[in-house]
Amino acid sequence: MKKRCFWVNNDPLYIEYHDNEWGVPVYDDDKLFEFLILETFQAGLSWITVLKKRENFRKAFDNFDYKKIAKYSENKYEELLQDAGIIRNKLKIKATITNAQAFMKVQEEFGTFSKYIWDFTNGKPIINKFEKREEVPATTELSDAISKDLKKRGFKFVGSTVIYAHMQATGMVNDHTTDCFRYHEV
């Protein structure tokens, strides 16, 4: 039996996510935006809650197309508030629209959002060597700095904890514990 990170339970969706996505470096803007939305909605909730609604989010938010999301009307916003398949938090839905607009401004300035975000780690993952749950941080000085910069650029719901989770999910940091079979694979 494969040894996995401490946070993975026996839910097949969680196992699939851990084994194939979490911690794999993502340089694609579309995927980075998808994770940013999902992490935003996860704030204050468990990741499995969001993961189970991921396909509903995909449908509700036009396949995470930030160009479309940036232009959402008040009617679309109201429609999203009625969508039982997603997390119907007014502020998080508004933040998603705002973040799509801010995301495109970053692309204009840096060419891609990927270049902007990965510049914080010099373009490559930070490899941590955590052995136990207690060692894995919720925030770091780097997530603090990225959070602060994103907020300055108009992003919402991008506190340091959300940003560190985004960094973990998109492989900016390898936080698989050293005893996890994925540690040396990502």
Side-chain angles (χ1 to χ4, degrees), residues 11-14 16-18 20-120 138-139 143-172:
D11 187 307
L13 194 61
Y14 228 14
E16 172 74 16
Y17 172 71
H18 170 272
N20 298 302
E21 279 190 275
W22 194 74
V24 176
V26 174
Y27 295 93
D28 174 72
D29 273 12
D30 294 339
K31 202 70 174 163
L32 286 167
F33 184 73
E34 175 181 344
F35 275 115
L36 192 61
I37 285 182
L38 295 174
E39 296 296 348
T40 297
F41 276 94
Q42 190 252 330
L45 302 169
S46 70
W47 180 244
I48 192 69
T49 302
V50 174
L51 210 50
K52 286 181 177 179
K53 293 179 179 277
R54 188 178 194 177
E55 289 312 309
N56 296 335
F57 275 108
R58 190 179 309 285
K59 287 181 198 126
F61 285 98
D62 290 295
N63 207 28
F64 303 111
D65 183 336
Y66 51 86
K67 291 177 184 133
K68 286 183 181 175
I69 295 168
K71 295 177 183 169
Y72 278 0
S73 65
E74 190 63 31
N75 285 345
K76 177 64 176 181
Y77 166 74
E78 292 296 332
E79 182 186 308
L80 289 166
L81 284 177
Q82 303 309 313
D83 189 335
I86 65 169
I87 295 159
R88 296 180 287 182
N89 178 299
K90 291 177 182 183
L91 295 176
K92 290 178 181 181
I93 293 171
K94 283 270 192 217
T96 299
I97 299 166
T98 301
N99 289 353
Q101 296 161 351
F103 190 87
M104 293 190 331
K105 285 181 185 153
V106 168
Q107 287 178 319
E108 286 171 26
E109 185 177 344
F110 292 87
T112 65
F113 184 83
S114 179
K115 178 170 180 359
Y116 160 77
I117 200 81
W118 280 95
D119 274 355
F120 285 97
T139 64
S143 67
D144 293 347
I146 295 171
S147 169
K148 185 177 179 183
D149 196 68
L150 286 168
K151 286 176 184 175
K152 190 178 79 187
R153 294 173 184 283
F155 285 81
K156 306 283 184 217
F157 275 91
V158 289
S160 191
T161 304
V162 167
I163 294 307
Y164 195 71
H166 187 262
M167 292 169 68
Q168 290 173 312
T170 61
M172 290 177 70

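- A donor-acceptor contact shorter than 3.5 Å is absent between the side chain of W47 and the backbone of E39.
- Taking the six-membered ring where the residue is Trp, Y116 and F110 present tilted rings, their angle falling between 30° and 60°.
- Taking E78 as the reference, nothing meets the salt bridge (charged side-chain N to carboxylate O under 4.0 Å, His left out) condition, with sequence neighbours excluded.
- A salt bridge does not link D144 to K148: none of the charged side-chain nitrogens sits closer than 4.0 Å to a carboxylate oxygen.
- Without hydrogens or angle criteria, S114 side chain to D29 main chain gives no donor-acceptor distance under 3.5 Å.
- Contacts classified as salt bridge (charged side-chain N to carboxylate O under 4.0 Å, His left out) and involving residues 80-107 (residues at least two apart or in different chains) are given here: E74-K94.
- Summarising the local packing, NZ of K76 is surrounded by more than 12 heavy atoms from other residues, nucleotides or ligands at distances under 6.0 Å.
- Note that CG of L36 and OG1 of T96 are 8.5 Å apart. Values are rounded to the nearest 0.5 Å.
- The aromatic ring centroids of F33 and F113 lie 6.0 Å or more from each other.
- With F41 as reference, F57 is the one residue of F35, F157, F57 to meet the ring pair (Phe, Tyr, Trp, His ring centres under 6.0 Å) rule.
- With sequence neighbours left out, E21 forms a salt bridge (charged side-chain N to carboxylate O under 4.0 Å, His left out) with K31, R54.
- Checking side-chain atoms of H166 against main-chain N and O of T40 turns up no donor-acceptor pair under 3.5 Å.
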